[in-house]
Amino acid sequence: MSDKAVLTIGDKSYDLPIMKGSTGPDVVDVRKWYADSDTFTFDPGFTSTASCESKITYIDGDAGVLLHRGYPIDQLAEKSSFLEVCYLLLNGELPNAAEFAKFDNNITYHTMLHAQFDRFFEGFRRDAHPMAVMTGAVGALSAFYADSMNVDDAREREISAHRLIAKMPTIAARAYKYTIGQPFVSPRNDLSYSENFLRMCFSVPAEDWVPNPVLTRAMDRIFILHADHEQNASTSTVRLAGSSGAHPFACIAAGIACLWGPSHGGANQEALEMLEQIGSVENIPAFIEGVKKREYKLMGFGHRVYKNFDPRAKVMQKTCHEVLGQLGINDPLLEVAMELEKIALSDPFFIDRKLYPNIDFYSGITLRAMGFPTNMFTVLFALARTVGWISQWKEMFEDPTRKIGRPRQLYTGATQRDYVPVDKR
């Protein structure tokens, strides 16, 4: 801490410490503000409030920067693997060869689910949304793995983290297989994390499944791009649930439920549906005019945090081209997307409003080309984000200043009044 802010209310002044991070905006410490002044701060959506101290992820939305433990996201997406990024987020540093081998082996040999767990899926309707299945299934893990739920034990926290990272692809693949009526596919220990997931989703007993290195790399990169994103709605939900001492399976289930919202995890589906609505390049000018008149919404552009290019979007665009090229797909929606991007980036209406493409703009096309239906898009997001959630949850429990979350409010309801019984005759 250094320096201070002085806030004056009426004839009283209050000194508030200013905290400085390693980078990014300074923070005015208001923890004792209510006790000293009997006044709350008001910040709906927490747009100007730091809810915690963290060393995991840093975002500079104005500059279009996203760092995981100091490493730029584009470098990690191009040069690293998802499991290496998982280790980095959990432990703070990149692993050496021995550390990675041990971690990789640990995750690989935790991918199987308890045999009885498969029966749990049968309790859902076949037409249930996969996110509904995910929310219930992840919460149910606590009934099968009760030996690692002591949140005050560092070793048990680590075991739970590894189990969640390892088992999430298996659960996600089963949620998909269940809703399309196909038999479950068990994981194999000789395959990589992303390769295993694709096999569990798309292989069938009637024929041999052949891995595609381009699709495997694309899947791994998509997981990296979604691994963590600082204190977003679902991450804050996980932290808030965890602040009560709730076990990790319950906290991650809460994060999945929050992610399900269309303003959060469902944004890439909405971007894809927007491109389908436009249909062809010649319809773009009319659509743009409709956006300006507020007749249509421009999905996949702009971001709550980024006021510049989303640094993940360029990597996602490259990945999209690689996947479509490998599969020989000439998707007209990609042509619409590229032309829409070109027009929007040159139109003063969008430039002035800083509406730049975000990751969702291209990810929907990519995932559809890989064979995933739109109702699985958010499931893949949840799978990838699990490592970010559990890393944030773990960090919170290791923070000696941790307190149960208890936001305040500005009450605008009725003041105290006397109860008068109503004559019911």
Side-chain angles (χ1 to χ4, degrees), residues 76-86 100-101 103-113 115 118 121 130 133-134 165-227 268 272 315-334 362-384 386-387:
L76 292 173
E78 290 292 342
K79 302 176 181 179
S80 187
S81 68
F82 179 63
L83 277 189
E84 188 178 53
V85 171
C86 287
F100 181 76
F103 182 73
D104 183 35
N105 183 76
N106 207 346
I107 298 301
T108 298
Y109 283 85
H110 272 98
T111 53
M112 287 187 65
L113 292 169
D118 282 351
F121 290 93
V133 177
M134 289 289 289
I165 294 168
K167 297 181 189 305
M168 197 62 72
T170 311
I171 294 173
R174 275 160 163 67
Y176 172 60
K177 286 291 195 181
Y178 185 76
T179 57
I180 62 174
Q182 291 186 2
F184 294 154
V185 178
S186 296
R188 277 177 38 181
N189 294 339
D190 61 328
L191 300 179
S192 70
Y193 190 89
S194 295
E195 198 171 43
N196 217 348
F197 174 66
L198 289 173
R199 176 182 171 273
M200 287 190 289
C201 284
F202 298 121
S203 66
V204 293
E207 59 187 43
D208 292 332
W209 181 80
V210 179
N212 185 317
V214 174
L215 299 188
T216 298
R217 180 58 187 145
M219 192 79 265
D220 209 61
R221 195 178 290 157
I222 290 169
F223 287 160
I224 292 172
L225 294 175
H226 290 86
N268 53 3
L272 181 61
V315 181
M316 195 68 249
Q317 182 192 41
K318 177 184 176 182
T319 302
C320 182
H321 283 282
E322 290 175 355
V323 168
L324 295 179
Q326 173 66 23
L327 297 176
I329 297 175
N330 184 19
D331 193 337
L333 293 192
L334 180 61
Y362 287 103
S363 63
I365 301 172
T366 308
L367 293 174
R368 185 175 77 160
M370 294 174 71
F372 291 104
T374 54
N375 65 1
M376 277 293 291
F377 290 178
T378 315
V379 171
L380 300 179
F381 195 157
L383 193 170
T386 294
V387 65

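Considering only heavy atoms from C-beta on, Cys201 stays 4.5 Å or farther from Lys177 through its side chain. For the pair Arg174 and Leu113, the minimum side-chain heavy-atom distance is below 4.5 Å.
Ala227 approaches Phe82 most closely through the heavy-atom pair CB-CE1, 4.1 Å. Closest of all the heavy-atom pairs between Ser81 and Ile224 is C-CD1, 3.7 Å. Considering every non-hydrogen atom in both Phe100 and Glu84, the closest pair reads CE1-N, 3.6 Å. For the residue pair Tyr362 and Cys320, the shortest heavy atom distance occurs at O-SG, 4.2 Å. When every heavy atom of Leu333 is checked against every heavy atom of Ile365, the shortest pair comes out as O-CD1, 3.9 Å. Contact detail for Pro130 and Ala175: the closest heavy-atom pair is O-CB, 4.1 Å.
Within a 6.0 Å radius of CG in Asn330, other residues, nucleotides and ligands contribute 12 heavy atoms or fewer.
At distances below 3.5 Å, at least one donor-acceptor pair connects side-chain atoms of Thr111 with backbone N or O atoms of Thr108.
To the nearest 0.5 angstrom, His110 atom NE2 is 8.0 Å from Ile107 atom CD1. Rounding to the nearest 0.5 angstrom, the gap separating the NE2 atom in His226 from the CG atom in Asn268 is 6.0 Å. With values rounded to the nearest 0.5 angstrom, Leu225 atom CG is found 6.5 Å from Thr319 atom OG1. A distance of 14.5 Å separates CD in Gln326 from CZ in Arg217, rounded to the nearest 0.5 Å.
The ring pair (Phe, Tyr, Trp, His ring centres under 6.0 Å) test applied to Tyr176 returns Phe202, not counting sequence neighbours.
Applying the side-chain contact (heavy atoms from CB on, under 4.5 Å) test between Val387 and each of Ile165, Leu83, Val85 identifies Ile165 as the sole match. Partner of Ile222 under the side-chain contact (heavy atoms from CB on, under 4.5 Å) criterion, chosen from Leu383, Leu367, Val323: Leu367.
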Which donor-acceptor pairs under 3.5 Å do side chains of residues 373-381 form with protein atoms, sequence neighbours excluded?
unit_1, atom_1, unit_2, atom_2, d
Thr378, OG1, Gly265, O, 3.4

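In this pair, Phe121 and Tyr178 present their aromatic rings tilted. The plane angle is within the 30 to 60° band.
Listed by first and then second residue, the side-chain hydrogen bond (donor to acceptor under 3.5 Å, both in side chains) pairs that reach into residues 192-210 are Ser194-Asp220, sequence neighbours excluded.
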Could you please spell out the steps behind the salt bridge (Lys or Arg N to Asp or Glu O under 4.0 Å) verdict for Arg221 and Glu322? CA-CA 12 Å; Arg221 195 178 290 157; Glu322 290 175 355; 3.0 Å; yes

